Amino acid sequence: MKNGMNTLTNKGNHFDSIEKMIFSNNLRIKKMDIHPDLNIMNIILNTGFVIRTNLSSYPTLKKATRLKVLNYKIIGNATGIHWPTLDEDLSLKVFLRDELLKVVKPSSVIDA
């Protein structure tokens, strides 16, 4: 398990809030749109929502060749991405967490 690829399972219902959101809304990765030359990776969800992130945000992907970055598989009941030639896994949970952190940054928190 690298870079936060958690196995999402409903065994025991020990979910955090992001996992609960994924399962209660049946969120899944529908497809990927990767542009290594532009440092862009778009994760398209089954809801139509697109998570846009930079490949350089993930050290293994940042160092990889174009061919290796484009060689991926959607795994885990469409809740993760696996790059077999890089031995790299990233989860929908990580993508959603990182997207949320773009919106809610520590610097934007106002002291009461």
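Model, not experiment: these values are computed from the prediction.
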*Is the shortest heavy-atom distance from the side chain of Leu90 to the side chain of Ile43 under 4.5 Å?*
no

*Looking only at non-hydrogen atoms, find the nearest pair between Phe95 and Met41 and report the distance.*
CE2-CE, 3.8 Å

*Output the distance between atom CD1 (Ile81) and atom CD (Glu88), rounded to the nearest 0.5 Å.*
11.5 Å

*Find the distance between NZ (Lys102) and CZ (Arg97) and round it off to the nearest 0.5 Å.*
12.0 Å

*Kindly work out whether a path of hydrophobic side-chain contacts (I/L/V/M/F/W/Y, heavy atoms less than 4.5 Å apart) joins Ile75 to Ile44.*
no

*Measure the CD1-CD1 distance between Ile74 and Ile29 for me, rounded to the nearest 0.5 Å.*
6.0 Å

*Could you check if a side-chain atom of Asp33 sits within less than 4.5 angstrom of a side-chain atom of Val50, using non-hydrogen atoms only?*
no

_Tell me whether Val94 shares a hydrophobic cluster with Phe49, the cluster being built from Ile, Leu, Val, Met, Phe, Trp, Tyr side chains joined at under 4.5 Å._
yes

*asked:* Asn77 vs Arg28, test: side chain to side chain contact (heavy atoms under 4.5 Å, CB included). Steps then yes/no.
replied: CA-CA 8 Å; Asn77 195 23; Arg28 298 291 181 261; 3.3 Å; yes

*Stepwise side chain to side chain contact (heavy atoms under 4.5 Å, CB included) check, Asn71 with Lys68*: CA-CA 5 Å; Asn71 179 24; Lys68 288 185 178 185; 5.7 Å; no

*asked:* Donor-acceptor check, side chain of Asn39 to backbone of Leu55, threshold 3.5 angstrom: yes or no?
replied: yes

_Between Asp98 and Tyr58, is there a side-chain heavy-atom distance shorter than 4.5 Å?_
yes

*Taking atom NE2 of His82 and atom CG of Asp89, what is their separation to the nearest 0.5 Å?*
5.5 Å

_Just so I know, are the side chains of Ile51 and Asn42 near enough to count as touching, which here means a heavy-atom distance under 4.5 Å?_
no

_Please report the interatomic distance CE(Met21) to CG(Asn26), rounded to the nearest 0.5 Å._
13.0 Å

*Check Leu96 against Ile18 and note the closest heavy-atom contact, atom names and distance.*
CB-CG2, 4.1 Å

*Around Leu38, counting heavy atoms of other residues, nucleotides and ligands shown, do more than 12 lie under 6.0 Å from its CG?*
yes

*Go through the steps for Thr79 and Lys93 under the test side chain to side chain contact (heavy atoms under 4.5 Å, CB included), then give the verdict.*
CA-CA 8 Å; Thr79 61; Lys93 177 181 175 178; over 6 Å; no

*Report the distance from atom CE of Met32 to atom CD1 of Ile34, rounding to the nearest 0.5 Å.*
4.0 Å

*Is the closest side-chain heavy-atom distance between Glu19 and Asp16 below 4.5 Å?*
yes

*Indicate yes or no: at least one non-hydrogen side-chain atom of Thr60 is less than 4.5 angstrom from one of Asp87.*
no

_Taking every non-hydrogen atom, the tightest pair across Arg66 and Pro36_ = NH1-CD, 3.5 Å

*With side chains defined as the heavy atoms from C-beta onward, is the minimum distance between Asn25 and Thr47 less than 4.5 Å?*
no

